[in-house]
Student: 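What follows is a structure written as structure tokens; I'll ask about it next.
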Amino acid sequence: MKKSLPHPLISIQFDPARGQSTMCLTYFFYEDGSFVLTESAPYSQEDSTGPATSFRFVGKKDIEAIGSFAQQWGLKLKDCPFDINLPSFDGPQFHLTLNEKRISGSYLRPNLEEAKNNPEVTKPMLKMLTWCSKVSEFIDELMNGLIPSLQGKIKLIDTKDDIIHNLRPVNRFLLYLVKVDTAFFMDEAHTYEDCIKKAAKKVFSQENYPEGKIYSSIFDFLRKEALKALEEAPDRPSFDKKHNEMVHKIMELSENTIDYCDAAYWLDMTYIYLLLTDRYIQDEREVAMLHSPADKGTLIALEKEATQTSYLFFQRAGREEWAPLHISPAYFYLQGIFSHAHPDENETVSEA
């Protein structure tokens, strides 16, 4: 198993106002003094990225200053709500990862005195505006205060492909939402083994839950091969081929008591749980190769049957549909989970 990518001390993603053609900018700051700037399509949740530049501060005091800054602001923003997106705000948006903190919000610096004296501004709205102002202060102090004040040397370094594709702040925020949201309960998994177990619990009912030797053999297979297959796949076609082979292996180990759709569902849900740990899968290119989990009910509703053919058609058609939206299938699935837990009151949402 390859070494996972380091979590950034600070990562900030700036998306432009809706409708603007400017690129999304993302900054990653690491505890070794390096930071990376990448460009991507606005509001993108896929692995494609544009130009990237990497630097490193080499002075010990400067590296310590960055760590201290992250710690201090982590305390200042400790009580900030995770979502401070203002209703009907069409301006730029930010997603922030600060140590373990995740915040998404409207990027603006409001005039709080005017807001306080405006009778149309409610107390909850004033609170959100205050936090937006606080986060804007943090960003301004980071970019225009801390960075220019560092005294040591800074050097341009080669940008490593894996660092460029470290999970973006917007996607870490989505993982956080699915894990912490109380409206949708999904057992939290911490270890690789937990992910396999929780996935099986999600897929199988008590009536057809695999047990004994069958369960143990499939569990051992997934523990040895699932993450390895993802990490070693050079591209999507290679992963899709390996994925199909693993599904058939699960069927074989089950002595044909598990069909193709349930086997694929168990494998795909294992990957989703691994992603949700925010630990085992850290590379956007790996996320982009994952399939969108589909249970038999979903396949039957869309394709009139639940077979290998309908599963493969669902995955292929999904990629074609989601690509123009700049979103990877796994993230589309997780967004669907969150949307189902929080339906628009003007829309009708069927039971899963």
Student: May I ask you to decide if the ring planes of H291 and F239 are parallel, tilted or perpendicular, using 30° and 60° as cut-offs?
Tutor: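 H291 vs F239 ring planes: perpendicular.
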Student: Using 30° and 60° as the class limits, which term best fits the ring planes of Y107 and F94: parallel, tilted or perpendicular?
Tutor: perpendicular
Student: Judged by modelled atom types alone, do E64 and S68 share a side-chain donor-acceptor pair under 3.5 Å?
Tutor: no
Student: What class does the angle between the rings of F69 and F138 fall in, given that below 30° is parallel, 30 to 60° is tilted and above 60° is perpendicular?
Tutor: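 Parallel, since the angle between the ring planes stays under 30°.
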Student: Using 4.0 Å as the upper bound for N to carboxylate O, is an ion pair formed by E252 and K249?
Tutor: yes
Student: Please confirm whether the ring centroid of W322 lies under 6.0 Å from the ring centroid of Y331.
Tutor: no
Student: Look at the rings of F29 and F35 and say which category their plane angle falls in: under 30° parallel, 30 to 60° tilted, over 60° perpendicular.
Tutor: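 Rings of F29 and F35: parallel, as their planes differ by under 30°.
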Student: Looking at I10, I66, L9, I63, which one forms a side chain to side chain contact (heavy atoms under 4.5 Å, CB included) with E31?
Tutor: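 It is L9, the one option of I10, I66, L9, I63 that forms the side chain to side chain contact (heavy atoms under 4.5 Å, CB included) with E31.
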Student: Using distance alone, with no hydrogens and no angle criterion, decide if S104 and N85 have a side-chain donor and acceptor under 3.5 Å apart.
Tutor: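 Per modelled atom types, S104 and N85 side chains form a pair under 3.5 Å.
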Student: Before accepting this row, confirm whether a basic side-chain N of the pair D235/R285 lies closer than 4.0 Å to the acidic partner's carboxylate O.
Tutor: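 No, D235 and R285 are not salt-bridged.
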Student: With side-chain hydrogen bond (donor to acceptor under 3.5 Å, both in side chains) as the test, would you mind laying out the steps for N208 and S205 before giving the verdict?
Tutor: CA-CA 6 Å; N208 63 350; S205 65; 3.1 Å; yes
Student: Does atom CD of E255 have more than 12 heavy-atom neighbours from other groups under 6.0 Å away?
Tutor: no
Student: One thing to verify: whether R102 and D278 come together as a salt bridge, which I'm taking to mean a side-chain N less than 4.0 angstrom from a carboxylate O.
Tutor: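 Result for this pair is yes, salt bridge flagged.
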Student: Under 4.5 Å between side-chain heavy atoms, hopping through other hydrophobics if needed: is there a path connecting F313 to F332?
Tutor: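 No, because F313 and F332 fall into different hydrophobic clusters, even though each may have its own neighbours under 4.5 Å.
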Student: Give a yes/no verdict on a cation-pi contact between K76 and W73, requiring under 6.0 Å between NZ or CZ and the six-membered ring centre and an angle within 45° of the axis.
Tutor: yes
Student: Return the orientation label for the F82 and F173 ring planes: parallel under 30°, perpendicular over 60°, tilted otherwise.
Tutor: tilted
Student: Show the atom names and distances, to 0.1 Å, of all donor-acceptor pairs under 3.5 Å that link a side chain in residues 115-127 to residues at least two apart or in another chain.
Tutor:
residue : atom : partner : partner atom : Å
N117    : ND2  : E113    : O            : 3.1
N118    : OD1  : E120    : N            : 2.9
T122    : OG1  : M125    : N            : 3.3

Student: Can you name the nearest heavy-atom pair linking H190 to Y280, along with the distance?
Tutor: O-CE1, 3.9 Å
Student: Looking just at side-chain N and O atoms, do N171 and E284 make a donor-acceptor pair shorter than 3.5 Å?
Tutor: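 Note: N171 and E284 side chains meet the donor-acceptor criterion.
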Student: Is a side-chain donor-acceptor pair under 3.5 Å present for Y260 with N244?
Tutor: yes
Student: Can you list everything that forms a salt bridge (charged side-chain N to carboxylate O under 4.0 Å, His left out) with D32? Sequence neighbours excluded, please.
Tutor: R56
Student: Could you go step by step and tell me if D79 and K101 meet the salt bridge (charged side-chain N to carboxylate O under 4.0 Å, His left out) rule?
Tutor: CA-CA 10 Å; D79 297 324; K101 189 74 176 179; over 6 Å; no
Student: Can you list the steps and then say if Y333 with I327 is a side-chain contact (heavy atoms from CB on, under 4.5 Å)?
Tutor: CA-CA 10 Å; Y333 172 78; I327 184 169; over 6 Å; no
Student: Please tabulate, for side-chain N and O atoms in residues 11-18, each donor-acceptor pair with protein atoms closer than 3.5 Å (sequence neighbours left out).
Tutor:
residue : atom : partner : partner atom : Å
S11     : OG   : T97     : OG1          : 3.4
Q13     : OE1  : V170    : N            : 3.4
Q13     : NE2  : D15     : OD2          : 3.1
D15     : OD1  : Y43     : N            : 2.7

